Amino acid sequence: MAAYTSLKGIYPIGMVEEKTGLTSRQIRYYENMGLISPIRTQGKQRRYTEKDVIRLTRIKYLKDNGFDLKSIREKIELLEKSTKDLDLMINSGATQGRLTSLYPVSNRALLMKLLEKN
DNA sequence: CTTCTGACA
DNA sequence: TGTCAGAA
């Protein structure tokens, strides 16, 4: 029973199973399919970061809603790309003053939420 | 005890 | 996808 050593934000596959609701079998399978890339310890065990867990949670959500791995991979790709673009904009100071006119309506809500934190 | 890879009654 | 084996 749960004798994990998980501190510092990275978790072994067993804990990821509990956090995401996915089986270790599925998690490893998704890795082979290129949907996730956890780091490995010297003993070759997988270690998942908080971001990896979030990513897997999204994968499970899409999977539960009937999407095939191909569709899931595309959606995750788009989501992470837009998030990356947002960070770039925010950190480059491009949002000074005219935020609403610089970003598309579809992602404005997310952007505003991100800005509230800073 | 947990995780890893490979394989399939 | 589940599950079992054999090793780490």
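Just so we're clear, the structure is a prediction, and the values are computed from it rather than from any experiment. To find a chain, count down the sequence lines: A is the first, B the second, and so on, and within it residues start at 1.
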Partners of [X] by salt bridge (charged side-chain N to carboxylate O under 4.0 Å, His left out), sequence neighbours excluded?
X	value
A:K60	A:D64
A:K81	A:D85
A:E77	none
A:E80	A:R55

Send over the distance from [X] [atom1] to [N] [atom2], rounded to a whole Å.
X	N	atom1	atom2	answer
A:L22	C:dT1	CG	P	8 Å
A:I27	C:dG2	CD1	P	11 Å
A:E17	B:dT2	CD	P	11 Å
A:Y29	B:dC8	OH	P	18 Å
A:R47	B:dT2	CZ	P	13 Å

Looking at residues at least two apart in the chain, or sitting in another chain, which of them share a side chain to side chain contact (heavy atoms under 4.5 Å, CB included) with [X]?
X	result
A:I54	A:R58
A:E31	A:I36, A:P38, A:R40, A:R46, A:Y48
A:S37	none

Checklist line | Over all atoms of both residues, closest heavy-atom pair of A:Y30 and A:L56 | finding: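 Nearest heavy atoms, A:Y30 then A:L56: CD1-CD2, 4.4 Å.
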
Next item on the list: Output all residues satisfying side-chain hydrogen bond (donor to acceptor under 3.5 Å, both in side chains) with A:K70, sequence neighbours left out; order by chain, then residue number.
Entry: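 Listed in chain order: A:E74.
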
Item checked: Non-neighbouring partners of A:D68 that pass side-chain hydrogen bond (donor to acceptor under 3.5 Å, both in side chains), sequence neighbours left out ->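 In terms of side-chain hydrogen bond (donor to acceptor under 3.5 Å, both in side chains), with neighbours along the sequence ignored, A:D68 is linked to A:S71.
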
All N/O pairs under 3.5 Å across the protein-nucleotides 3-5 of chain C interface:
unit_1 : atom_1 : unit_2 : atom_2 : d
C:dT3  : O4     : A:R25  : NE     : 3.2

Check: In residues 32-44 of chain A, what residues come within less than 4.0 Å of DNA chain B, judged by heavy atoms?
Finding: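 Heavy-atom cutoff 4.0 Å gives A:R40, A:K44.
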
Next item on the list: Ignoring backbone atoms, establish whether A:Y30 has a side-chain N or O less than 4.0 Å from OP1 or OP2 of C:dT1.
Entry: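 Answer yes for this pair, as a side-chain N or O of A:Y30 is under 4.0 Å from OP1 or OP2.
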
Item checked: Helical stems, DNA chain C - three or more consecutive Watson-Crick or G-U wobble pairs below 3.5 Å ->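 DNA chain C stems, ordered by first number: B:2-8 with C:2-8.
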
Next item on the list: Using atom types as modelled and distance alone, determine if a side-chain donor or acceptor of A:Q26 lies under 3.5 Å from a backbone N or O of A:T23.
Entry: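 Looks like yes, one N/O pair under 3.5 Å.
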
Note to self: Of the options C:dT1, B:dT3, C:dG2, whose atoms approach the side-chain atoms of A:T23 most closely?
What the structure shows: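 Of all the options, the side chain of A:T23 is nearest to C:dG2.
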
Checklist line | Earlier contact from the 5' end, DNA chain C, for A:K63 and A:Q45 | finding: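 Looking at the nearest nucleotide for each, A:K63 comes out on the 5' side.
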
